[in-house]
Amino acid sequence: MMDQDLQYIFHGFKDRKGVDVDELTLEKCLASEGIKSWQLIDGNDLEKYLNVKDIKDNNVKINKFPLEWFDNNDYEIMAPEQWLDLHSDANEYRLPAVAFIPLLTHRNARTLIFSTNFIEWVDVNVEGYNHHNRLWTVRDTAGKIHQVPRIHLKFYEEHTLNFVKRIADALWRRENAEKWVKFELLADCLNVDNISDPKMELMDRIKKLALPKILDDRDWFFNIREELILNYKRTLGLTDLRKAIESHPSKFPNINLPFADQTLEKHEPVDLSCLYDFQEKRRVLKFINLFPIAHAFSAMLYVIDECDKVGQMTLFTTISHKTASLANFKSIEETFAIRAVDFLRAVWPVQLANLITMVLRRAGKGWYDIEISTWEIYNLAKIKRFLSLVKFHMESALRRLVENTIKLYSDMLYKPCISFVDIPEDYIWDDSDLITSPFNPHTSHVFYLTLQMNETGAFYSIDPSAYGPVIMELYETYLEKIHFVPLIDPKIMKGLTFDPDLYLSSVGLMESMVVETRENLKKAYDKCVIPLAAYAKKYDRHIALFVMNVSSYLEDFEKQNKNAPEIRDEIIFQRAMKKTLEQTLPMSIQIGTFLINVSPIKNNLVAKRQELADLMMDYLVRKLNNETNAILSEYNAILKTLSEKPPTIEKLYKTTEWMETIPGNVSRLENVMKMKLFDFAILDDFCVALPNANFNAKVQALYSPVKISNQIRMTNEMFEEEIQRFRKQQIEDLATYYERLEELTVSVVYYNTQFDVGKLVENSIEIRKLWKAINEFGELGEVLNKRQKLFELPEIDLEPIQELIISSDAFRDLWCTAADFNKFVDILLENTLTNVSVKNVHEEMERFERILKKSVQSFREQEKIQDVAQHFLDKVKDFYATVDCLILVKNTIWNINHWQELGAKTEMEIKLPLTRNFNYFLNKGILNFVDEVKSILNEATQAKEIEESESKA
């Protein structure tokens, strides 16, 4: 028997070299029981090595009694001699163990006492035991000898949990003892004067029961009477004090009541006189006993075993679905629940019935006859009681299953949500912390949501309000289904007829634990929407960035035309905002049972900030390159102008004057480029390398002043040569100029002899050419004269050419005006009347007349040419009558009746429609009937005015 007990107790065995056989360690067990190192240390040592602040800050309690005083020897499994004889061989370690030996100093006291690793427990060898002081002699690994009490010593062969319970029991006993001492001291301070003395009847009873008959009653009782009265009052006072503290603990915050004394119940003495007829009593007991045969006992053992298995089952699973949506969660839980319900309703009753039938069939006829076919016999047989007990076991198993299910469902789905069950409807998430969740239960999540965003705001991949109905549906549906587990009686007692709707009684849907869990789940998942919505709302501040069109933003930014420092500040801002997003937004956060995946939004926002920073950097590089190219373009324009060979002396001198402005322009551009170097330094601060083309442009812009200086020197040398070449060219041009002047003079003199008006067209054409040539020659003379000044040579006489220009102007006015008049007349007379415009005709006629009158005056000294001018002037004056008649005929008021009336008065034959030209009317002699035309036109005008006035009326 002892060996079996030791085999059970020595479950946590260590071999001679200290190798663990059990997974439970002393440190883990002590930590799980909430036992601190300072609780095992003597109170005097704590006061010696700790100051008041350490004791107060760490909630250390200074115990007045050593822990070994309260060691319970009931936990001891062997006597000290048995322990010492357990390993009496001569191996390296005689009796290995671990001992609590805190070697305290002022330097290491706080570390050892407040450590959570129990580093004071060290390996030792047990060498002896002192019965006088009840201390064990041990030697540590350093060879030092220590005396430790049994409560501070754990043998390797001792069960770890058993030893930890021993320490916990000693701590409890010491705490209770100290409470009793303090309570008794408090009782001694009570004022019991107001409590009345015990009644005389009570004192007489005490005297009768307590006073020995051999003593003198009066003398002995008189000595203890005052003490009895005082103890009686003190007991009543303590009772009242305990009741007051228990009913109003808040009024006595510094008083801890000790545990009440356990009193033994008084039992009546057992009458054994009934056992005189053992055989009769044995027969009666066998008759009453439900298991008089082994078959019934074996069947019941199997029933209990199977019911225990069912009692450990649950309807739902606790598997963590890290990426499960609501639909997947529902599908997995439904699959698990359906499998469990099917087992309970179809498999489990059949298994039990088959095994009971198989076992009891071997019992044959008698109390457990399963072939009974009449209800009278069945009601008297033990088989009925047996099956009733089986039913109770099955119902108990179902109840335990439901309790397990409710506990699992509550632990998995409700407990993580307790933190926000009482959350107000207007709850607002703290703006300063989106990473740490105040609703994190520090357990595995059950549901997985993804936080998403669009232009309206942040939202979840699945509406949080959809979880509550699904959870409640699963809970209620499958708790209800286990109410339909059939009884096994019909499957065993096949000779009897049972009601087909007989089911086991399970936990009622209105029982307190079912209703409480249902209400808790409903409340929790109605409230879960509030913190989830509050958290999502905090991301609305990022909507503008989330939906931002980066290209449009960059276009608007470029339109502002900011300078490089401002762009640098914008880049720094974007990078700072990106870092802020990385630090303030989590990848995921747990709120109750929900793990919220925030990474899509965070990655998008961070990527946009990075993209904006990169685009700003590209824009800065591009802007600096454009500005550098603009400077380089000005440099190149200067170089190009300097390198061009001037086509004329004017261009040469103009370029020479322009070259005087080059130093100022180059100095200005050079200063601008120097300022740009500070902007390029911004790129260096960001460690950005310029593209090759940009770098080459920068270098060329910096080197261009040197190139321009060299080009100016070369240009000056070229201009000296060009001046000599232009001087020679000027001499040749002057010779050509005088030759051309003689030719033009001859041509003008020729037209002084042209009097034939029949050659009007030929003369007008030639005169135009001559006039153009003379004017161009005049411009050439002015150019040559300016060049003469540039070469510091005598000026050219331009008076001959001016006289030629005046003469050519007079001839041009005469012959060209006459030619223009002839064309004007042809247009009016030859074109059809519908295509002839009489607008501004008089103005043209007056212009012709004015120019020809001027020509008559200009040639007054040349009679023949003056006659030609007078001839054309007379033609113009004669044509006025024709023009007036044409204007009358072109009046829009004319119609067919008017033309017929004119034909009747003048006897002219006028054919209509009028698609003729005016020559047709001239040939008909219309100039002879101008008065008739005017008369008919006046009448037509008056008639039209009358019609218009009547129509208005």
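We use all heavy atoms of the structure for the numbers below, so side chains are in, but hydrogens, waters and symmetry mates are not. Counting begins at 1 with the first residue of the sequence. Given the structure is predicted, the values throughout are model-derived calculations rather than measurements.
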Are Lys523 and Asp526 packed together at the side-chain level, in the sense that at least one heavy-atom pair is separated by less than 4.5 angstrom?
no
How many angstroms lie between atom OH of Tyr302 and atom OG of Ser298, to the nearest 0.5 angstrom?
13.0 Å
In chain order, what residues pass the ring pair (Phe, Tyr, Trp, His ring centres under 6.0 Å) check against Tyr525, with sequence neighbours excluded?
none
Looking at side-chain heavy atoms only, is the closest gap between Glu395 and Ser505 below 4.5 Å?
yes
Quick check: do Tyr378 and Leu387 have side-chain heavy atoms less than 4.5 Å from each other?
yes
Describe, in one word, how the ring planes of Trp136 and Tyr129 are oriented to each other, choosing from parallel (under 30°), tilted (30 to 60°) and perpendicular (over 60°).
tilted
What one should report as the nearest heavy-atom pair of Leu315 and Phe336 is O-CD2, 3.2 Å
Working note: Val347 + Asp342, criterion side-chain contact (heavy atoms from CB on, under 4.5 Å); need CA distance, chi angles, decisive distance, verdict.
CA-CA 7 Å; Val347 179; Asp342 290 344; over 6 Å; no
Can you list everything that forms a side chain to side chain donor-acceptor pair (under 3.5 Å) with Glu476? Sequence neighbours excluded, please.
Arg518
Counting only heavy atoms not in Phe297, do more than 12 fall under 6.0 Å of its CZ?
no
Roughly how far, to the nearest 0.5 Å, is the OH atom of Tyr448 from the OG atom of Ser588?
7.5 Å
Ion pair present between Glu76 and Arg166, side-chain N to carboxylate O less than 4.0 angstrom?
yes
Partner residues of Lys165 under the salt bridge (Lys or Arg N to Asp or Glu O under 4.0 Å) criterion, sequence neighbours left out:
none
Side chains of Phe386 and Ile356: does their closest heavy-atom pair fall under 4.5 Å?
yes
In plain terms, say whether Arg150 and Glu158 are close enough for a salt bridge, that is, a side-chain N and a carboxylate O under 4.0 Å apart.
yes
Looking at every non-hydrogen atom in both residues, tell me the closest pair between Tyr478 and Val341 and how far apart they are.
CD2-CG2, 4.1 Å
Pairs touching residues 409-421 that satisfy side chain to side chain donor-acceptor pair (under 3.5 Å), sequence neighbours left out:
Lys407-Asp411, Asp411-Lys415
Mind checking whether Leu398 and Met394 have side chains closer than 4.5 Å, heavy atoms only?
no
So Pro349 and Val485, do their side chains get closer than 4.5 Å, heavy atoms only?
yes
What salt bridge (charged side-chain N to carboxylate O under 4.0 Å, His left out) pairs are there with at least one residue in residues 293-316, not counting sequence neighbours?
Asp305-Lys309, Glu306-Lys309, Asp308-Arg400
Grab the two heavy atoms, one from Trp348 and one from Leu504, that are nearest each other, plus how far apart they are.
CZ3-CD1, 4.3 Å
One should read off an interatomic distance between Leu449 CG and Ile462 CD1, to the nearest 0.5 angstrom, of 6.0 Å
Approximate separation, where rounding is to 0.5 Å, of Leu479 CG and Leu401 CG:
9.5 Å
Is a side-chain N or O of Asn404 found less than 3.5 angstrom from the main chain of Gly311, in a donor-acceptor match?
yes
Can you tell me how far CG of Asp71 sits from CG of Asp74, rounded to the nearest 0.5 angstrom?
10.0 Å
Looking only at heavy atoms, what is the nearest atom pair of Glu473 and Thr477, with distance?
O-OG1, 2.6 Å
Using the rule given for side-chain contact (heavy atoms from CB on, under 4.5 Å), can you reason through Lys384 versus Met493, listing the C-alpha separation, both sets of side-chain angles and the distance that settles it, and then say yes or no?
CA-CA 10 Å; Lys384 180 181 179 181; Met493 306 304 296; over 6 Å; no
In this structure, is the centre-to-centre distance between the rings of His445 and Phe447 below 6.0 Å?
no
Asn379 side-chain N/O to Trp375 backbone N/O, donor-acceptor pair under 3.5 Å
yes
Side chain of Ser32, backbone of Cys29: donor and acceptor closer than 3.5 Å?
yes
What is the distance from atom CG of Leu487 to atom CG of Leu352, rounded to the nearest 0.5 Å?
12.0 Å
Return yes if some donor-acceptor pair links the side-chain N/O of Glu178 with the main-chain N/O of Trp180 below 3.5 Å, else return no.
no
Do Tyr467 and Phe594 have ring centres separated by under 6.0 Å?
yes
Thr593 (side chain) donor-acceptor with Pro416 (main chain) under 3.5 angstrom:
no
Between Lys527 and Asp422, does a side-chain contact (heavy atoms from CB on, under 4.5 Å) hold up when you go through it step by step?
CA-CA 8 Å; Lys527 288 285 188 177; Asp422 298 324; over 6 Å; no
Testing the basics here: between Gly508 and Val514, what is the closest heavy-atom pair and its distance to 0.1 Å?
O-CG2, 3.5 Å
Taking atom NZ of Lys491 as the centre, does the number of heavy atoms from other residues, nucleotides or ligands within less than 6.0 Å exceed 12?
yes
Got Val507 and Met513 here, is their nearest side-chain heavy-atom distance under 4.5 Å?
yes
So which atom in Pro469 and which in Ser465 form the shortest heavy-atom distance, rounded to 0.1 Å?
CD-O, 3.3 Å
Between Ile151 and Phe70, is any pair of side-chain heavy atoms under 4.5 Å apart?
no
For residues 499-512, which residue pairs pass the salt bridge (charged side-chain N to carboxylate O under 4.0 Å, His left out) check, not counting sequence neighbours?
Arg399-Glu511
Is it the case that more than 12 heavy atoms not belonging to Arg385 sit under 6.0 Å from its CZ atom?
yes
Could you check Leu326 against Lys330 for side-chain contact (heavy atoms from CB on, under 4.5 Å), going step by step and ending with a plain yes or no?
CA-CA 6 Å; Leu326 179 60; Lys330 182 179 179 182; 5.6 Å; no
